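Everything numeric in this text was worked out from a predicted model, so none of it was measured. Order of appearance sets the numbers: ligands from 1, and atoms from 1 within every ligand.
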Amino acid sequence: MEKKRAQWSSKIGFILAAAGSAVGLGNIWKFPGRAYEGGGGAFLVIYLIIVVALGIPLMLTELSIGRASQANVVTSFEKLGHKGFSWAGWIGVVGAFIITSYYSHVGGWVLRYVFGYITDAPMIYADSTGYFLNMLGALPSGETFFPWIAIVFAAVFMLINAIVIIRGVESGLERFNKIGMPALFILLLILLVRSVTLPGSEDGLAFLLSFRWENVTFQTVLAALGQAFYSLSIGMAIMVTYGSYLSKNENIEKNSVIICLMDTLVAIIAGFIIVPAVFATLGPEQIGKGGSFAFISLARVFEQMPGGQFFGVLFYLLLLFAALTSCTSLIESIVAFLTERFSWKRTGATIAVCLVMFLLGCLYTCSQAAFPIKGIWFDAANGISFPAFGDAMEFLTDRLMIPDCALGICIFVGWVWKPERIIAEVEQSGVRFKFAKLYRVIVRYVAPLAILAILAISFVTGTTLS
Ligand code: PHE
């Protein structure tokens, strides 16, 4: 039995949901550190060029595949007559599954810090490393225990996600993003004003607005590429699912531009929050990225900032909204697959999948500090290695699955299904695809080569580029 397919009820609802997927932890805790390493304004210029030249075309490609096939990521390739390419969809679904497992736990840690800053900011300031490790089940003495604090908060975080997904595309995802995304923008603006009015923040601002091309290397460009893919949620086929809920009247070209620019704007604003604040309080050499920076180093920024506790709460709330709206998009893409492919009920599929992902995520959290649970990895620089289980999960998705899925989609569209079909899908809404010629070149040559470069470099040097 064919049920009527869910659809976004409004253009703004769709844009906010897609932007909500894209705007995530990557924008807020990775981008500023990268901008600092990559020479301030010089990195921003490179990043913008990549978003325009590759991000927008790939976003448009995923959305068009979804809308043309009206199906989830795996079935979409079959419906378009190329079953042989459904492996790209499978990588998308399995990748989304693995990312959600750890992303939801990290989201739980963020939630813990929202409460932490409300109730025990002085304790965090006194020993920010100890506070973080304690959440993860380790004491300064080296003793370890079950990381129940992190796990309880991860369970709550996952529960919120499950509720949103069970409510469906329109009354769940769309409504949630319509509230969450404006709230996120307001938080961003408040934090921006706080940061740039700190005495001493001028140096950070000047740094971001200066162009230190001498800091830019080939690695910087690749790092910007990896960052752009991850940040825009490209390469997990999330946007295929989101595109499948999109009405034929919508202009995909214009919407892709808006979504990508919104995501980039948030990343840049986050840069203008973090870099000046760290310059003004701890000094430039303290700028970092990722979890330990966001949970440990930033505590000393909030400690020194007037009104630090209040702004600390707002900052972790910002991270929380960013994490929630990304995590729901990942779960939606898995649930869409399970309900369409195996005719599972939405509620049952959501509960089952969230439960399994939560449990897998427990291994991620436990492997951070509490228990020596190892994964396995291989790259040319280090040979076979046994990193923490959680790290291996991230390597698998960021270094291998995201680029592979994106590469599969480019080869499929560029060489097999043909760019003309995407162009025709975009033009369904009655508008001309303005950059069709350029698009063809990008999807056939430029994007696949760029992705191959990411894959090769991360394999050879053993570094994650997202
Ligand atoms: N784009 C999200 C971020 O910036 C992460 C993400 C990746 C979400 C892939 C969905 C799919 O954090």
Asks: If you count every heavy atom of other residues, nucleotides or ligands that lies below 6.0 Å from Phe435 atom CZ, does the total exceed 12?
Replies: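 12 or below, so no.
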
Asks: Ignoring hydrogens and angles, state whether a donor on the side chain of Ser233 or Tyr242 is under 3.5 Å from an acceptor on the partner side chain.
Replies: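 Side-chain D/A pair, Ser233 to Tyr242: absent.
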
Asks: Just jot down the side-chain contact (heavy atoms from CB on, under 4.5 Å) partners of Ala447, sequence neighbours excluded, or say none.
Replies: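 Ala447: side-chain contact (heavy atoms from CB on, under 4.5 Å) contacts with Leu54, Leu58, Cys410, Ile442.
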
Asks: Strictly under 4.0 angstrom, heavy-atom based: which residues surround ligand 1?
Replies: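 Residues Ser21, Ala22, Gly24, Leu25, Gly26, Asn27, Tyr103, Tyr230, Ser231, Ser233, Met236, Ile238, Ser326, Leu330 each place a heavy atom under 4.0 Å from ligand 1, listed by chain and number.
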
Asks: For residues 344-363, which residue pairs pass the salt bridge (charged side-chain N to carboxylate O under 4.0 Å, His left out) check, not counting sequence neighbours?
Replies: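 Non-adjacent pairs meeting salt bridge (charged side-chain N to carboxylate O under 4.0 Å, His left out): Glu332-Arg346.
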
Asks: How would you list, by chain and number, every residue that makes a side-chain contact (heavy atoms from CB on, under 4.5 Å) with Thr281, sequence neighbours excluded?
Replies: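 Thr281 satisfies side-chain contact (heavy atoms from CB on, under 4.5 Å) with Val301, Gln304 only.
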
Asks: Can you name the one residue among Phe207, Phe211, Phe31 that meets ring pair (Phe, Tyr, Trp, His ring centres under 6.0 Å) with Phe43?
Replies: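 Considering Phe207, Phe211, Phe31, a ring pair (Phe, Tyr, Trp, His ring centres under 6.0 Å) with Phe43 is found only for Phe31.
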
